[in-house]
Structures are given as C-alpha cells and as structure tokens.
Amino acid sequence: MTVTAPDHEYMARALRLARRGLFTTDPNPRVGCVLVKGGAVVGEGWHEQAGGPHAEVMALHAAGAEAAGATAYVTLEPCSHHGRTPPCADALIAAGVRRVFFASDDPNPAVAGAGARRLADAGLEVRAGVLADAANQLNVGYMTRMRTGRPFVRTKIAASLDGRTALADGESRWITGAAARADVQRLRARSSAILSGIGTVLQDDPSLNVRDEALGPVRQPLRLIADSTLRTPPQAKTLTLPGDVIIYCIEPAPAAAALIATGVQVRTVGAEGGRLSLPALLDDLGAMQVNELLVEAGPALNGALLAAGLIDELIIYTAPHILGSTARGMFDIPSLTGMDQRVAWRLADVRRVGDDLRLTCRRPGEPGAGAARPAPSQ
C-alpha cells in the first residue's frame, strides 16, 4: 500500500491518543487506534490501563457497524495472542476492517510479526512502519525490555551551570525552579520504577513518589533503593508512603528484619567487583516487567551506572547558578588521563523549562528503543 499524507495524519492522531495512556498502561505499551471510512473518522480509542481493553477494541466499539470496510491506524502491531484480553488482530478481522496501517513492530515474542501475518492471511491489506520512530519513542521502555530483558534506564540530574549537584555539605534544595520540579513529576509518573542510592536516602530522605495533583490519578511507580549493606533507616520517608518499595542489597543482614517489618521487600542480587551488581539489579527489574527506570541518585550511583554503560538517557536540568569548585559533581568516576577517554553522548533535545534548561542526551548511535544494547546472557 502506498502511504499518503492523510495516512500520516491519521497515524499522528492515533499517537496523540496513545499518549493519553502515558501514566496508566504500565507494564503494557501505550497504543492508540483510529478507524477511518470514506475520509472520515468513524471510531477511535486508546489503551487506557493494563488489564483493560486494547486500543483496537475501544475503537471498534466506538465505530460499531461502521468498522466494516474501514482502514485502521494503530500505533503498534495488533496482538495475535490471548493474554488478559483476546487477540486484537482477530477483533479487526471479525469487524470487517479492510486495511491496517501500524507504526511499530511489536518485539514481544508472543507477537513479533504474528499479528501482521494473521491480518494478511485473512485477506486484509497491511502496511507497517508509518511514523515508527515516534511510536518507538513513546514506548521506549517496553521496546527496550522486550529486546534486552532490561528496562530503559533514564537518569535525571539537577545541576548548576558549573555542573554541580549539591554544596559540599550535601545541601541541594533547590537547585532548579518550580517548573523543572513539576517536569520531574511527569517523568516519575511515566516511569515504572524510581531508583535511588543509600547515600541519597541518608542525605536527603527523599519521597521518590508522584505527588503532583495536576497530573490526575496516576499509578505510583515502584520505589527502589540500592543499599549494599542495608543502612536504610526503617523510618526513612519513602518507606512510610503508599506504594511498593524494594531495597537491594548484596547479602542478607540482621537489619533486614526491621526493614521488612515496615512492609518493604529486601532482595539480594549479589556483588560485582565488591559492589552491588547493577546488571543483576536491572535483570531482576526486567523480570518484574519494569519498562522505564528513572534514576534519581547522587554521584556515586550515577557514576557506577555510567561506568558500566547502563544509562540509556540522561536528562539534565541546568539552572543558571554557580555553586563553585567545592560543590559536588554529577558522577563519581575514575580520573581520565586523556581526552580520548571522554564518555561521549548525543544531544537529543534542548528546551527551556521555566528559568532552567532541560538537556536530553542519548548514547551515540542509540536509537532510543534498546536495540543497541545486547541482551543479557541466559
């Protein structure tokens, strides 16, 4: 099928619908669907929450009998397997849809081309790849987990113009302004989980939750603490808030009992080079269907993730302030002995947020959907 300008417009509309599920569909992908017949939209819908009807079913319900002979624009390959809901490919076929455009292939092994084949075998015209890049970005965490077995790792840092994240004594509230902090709330709301380190917990006692009422009802992300020797105080603020908390350590310790008594999970992942194994932690999160991991930590954990090549995206909120040479930096990493040892990143986006700048960086050559990171060995 030839792709026309209207095809792009309808798919863009489906992507806007899909974004309505940005905070609610986890661990499922965000998907939108538009049904068009005779040049008019006859039905549309989006996946609103995990366990609920998929986007195609919502659109078919809205279209009713008008779905017969229509063209469907779906942001992800229609599923072909029975999960918590029946296959969407079968629903499109049964409704009499004639053509299907979808944006991105579904890397889920339960789908992975089977949905497109089922549609084609039933006589429908099928075309993939319309606005695929935008669709992949919308579901970057889901795509990454399906391809690598690990979540997409997004590290957020608030820093001064001279790259400092806190004063020498650890004081950091507030480097950035209210608009940047509200933007971080949206990052939290779209994330499956938020990871911090024990240093940050002891220094700042953060909440690590979503608390912006303007976002409406949102699912609280899983809260995680990397704490090799279980120094987390049972009275830490994040342990007292609604939602699930997991503390990762190297090996069981007597302190675990008091922490477990607060309702948190304590999980061991072992050591790597004498430190908590971050690759093992990410593997564990992937097994728990964590799509997008937001890291809000200090320079020690940030540096360890950077050195291990485990960060997919950096979001740095830069405030127009100078904190000086004694203030704390972004990453604790070994000193470089030559410029050829620089850790290179690609600037993907720059925008102003209130009085601050938000810099979004990706690794060079990284498409943003996890394709460049090899799957962990089994």
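Every heavy atom of this structure was used, including side-chain atoms; hydrogens, water molecules and symmetry mates were not.
- What you find for Ala132 and Ala103 is that their closest heavy atoms are CB-O, 3.3 Å.
- Asp204 places no side-chain N or O within donor-acceptor distance of the main-chain N or O of Pro206, the cut-off being under 3.5 Å.
- Pairs of residues two or more places apart, or lying in two chains, that qualify as salt bridge (charged side-chain N to carboxylate O under 4.0 Å, His left out) and include a residue from residues 17-35 are Arg30-Glu292.
- Crowding of His61 atom NE2: a count of heavy atoms from other residues, nucleotides or ligands under 6.0 Å not exceeding 12.
- Of the N and O atoms on the side chains of Thr238 and Arg223, at least one donor lies less than 3.5 Å from an acceptor on the other residue.
- Note on residues 119-132: no pairs pass side-chain hydrogen bond (donor to acceptor under 3.5 Å, both in side chains), not counting sequence neighbours.
- Residues Asp183 and Arg358 are paired through a salt bridge, judged by an N-O separation under 4.0 Å between the basic side chain and the carboxylate.
- For Thr24, the side-chain hydrogen bond (donor to acceptor under 3.5 Å, both in side chains) test picks out no residue, with sequence neighbours left out.
- Residues meeting the ring-ring contact (aromatic ring centres under 6.0 Å, His included) test with Tyr142, sequence neighbours left out: none.
- Residues Val350 and Val353 do not share a hydrophobic cluster, defined by chaining ILVMFWY side chains whose heavy atoms lie under 4.5 Å apart.
- Between Ala344 and Pro364 the shortest heavy-atom distance is O-CD, 3.2 Å.
- Listed by chain and number, the residues in a side-chain hydrogen bond (donor to acceptor under 3.5 Å, both in side chains) with Asp356 amount to none (sequence neighbours excluded).
- The hydrophobic cluster containing Leu167, built from Ile/Leu/Val/Met/Phe/Trp/Tyr side-chain heavy atoms closer than 4.5 Å, also comprises Ile175, Leu323.
- Considering every non-hydrogen atom in both Arg186 and Leu215, the closest pair reads CG-CD2, 3.5 Å.
- Grouping the Ile, Leu, Val, Met, Phe, Trp and Tyr side chains by contacts below 4.5 angstrom, directly or via other members, places Leu285 apart from Ile225.
- Cluster partners of Ile315, using a side-chain heavy-atom cutoff of under 4.5 Å among ILVMFWY residues and allowing indirect links, are Val184, Leu187, Ile194, Leu208, Leu294, Tyr317.
- Residues satisfying the side-chain hydrogen bond (donor to acceptor under 3.5 Å, both in side chains) criterion with Ser325, sequence neighbours excluded, are absent altogether.
- Leu230 and Leu224 sit in two unconnected hydrophobic clusters of ILVMFWY residues. Membership requires side-chain heavy atoms under 4.5 Å apart, directly or through other members.
- Although no hydrogens or angles enter the test, the distance criterion places no donor-acceptor pair under 3.5 Å between the side chain of Thr176 and the main chain of Ala180.
- Side-chain atoms of Glu77 come within 3.5 Å of backbone atoms of Asp106 as a donor-acceptor pair (strictly under, hydrogens ignored).
- Side chain to side chain, Ser192 and Asn291 fail the donor-acceptor criterion of an N or O pair below 3.5 Å.
- Sorted by first and then second residue, the pairs that involve residues 44-56 and meet side-chain hydrogen bond (donor to acceptor under 3.5 Å, both in side chains), not counting sequence neighbours, are Arg13-Glu44, Asn28-His47, His54-Thr85.
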Identify every side-chain donor-acceptor pair in residues 243-254 under 3.5 Å, counting partners at least two apart or on other chains, and give the distances.
unit_1, atom_1, unit_2, atom_2, d
Tyr248, OH, Asp284, OD2, 2.6

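- Counting non-hydrogen atoms of neighbouring residues, nucleotides and ligands closer than 6.0 angstrom, the CD atom of Gln341 exceeds 12 such neighbours.
- Using modelled atom types, one side-chain atom of Asp227 and one backbone atom of Arg231 make a donor-acceptor pair closer than 3.5 Å.
- Clustering of Ile, Leu, Val, Met, Phe, Trp and Tyr by side-chain heavy atoms under 4.5 Å joins Leu161 with Ile322.
- With Lys37 contributing its side chain and Ala68 its backbone, the two residues share a donor-acceptor pair below 3.5 Å.
- Counting heavy atoms of neighbouring residues, nucleotides and ligands inside a 6.0 Å radius, atom CZ of Arg98 does not exceed 12 of them.
- Connection of Ile311 to Leu276 is established within a shared hydrophobic cluster, with ILVMFWY side chains joined at heavy-atom distances below 4.5 Å, either directly or through further cluster members.
- Residues that satisfy the side-chain hydrogen bond (donor to acceptor under 3.5 Å, both in side chains) test with Thr165, not counting sequence neighbours, are absent from this structure.
- Between the side chain of Ser104 and the backbone N or O of Thr75 there is at least one donor-acceptor pair closer than 3.5 Å.
- For Gln137 (side chain) and Asp133 (main-chain N/O), no donor-acceptor pair under 3.5 Å exists by modelled atom type.
- One N or O on the side chain of Thr148 and one on the backbone of Arg150 form a donor-acceptor pair closer than 3.5 Å.
- Side chain of Arg118 to backbone of Gly113: no donor-acceptor contact under 3.5 angstrom is found.
- To the nearest 0.5 Å, the span separating CG on Asn139 from CG on Leu15 amounts to 9.5 Å.
- In terms of modelled atom types and a separation under 3.5 Å, the side chain of Arg363 and the main chain of Gly309 share a donor-acceptor contact.
- Heavy atoms from other residues, nucleotides or ligands lying under 6.0 Å from CG of Asp349 number more than 12.
- Taking both residues in full, the closest heavy atoms of Asp105 and Leu76 are given as O-CD1, 3.8 Å, listed atom of the first, atom of the second, then distance.
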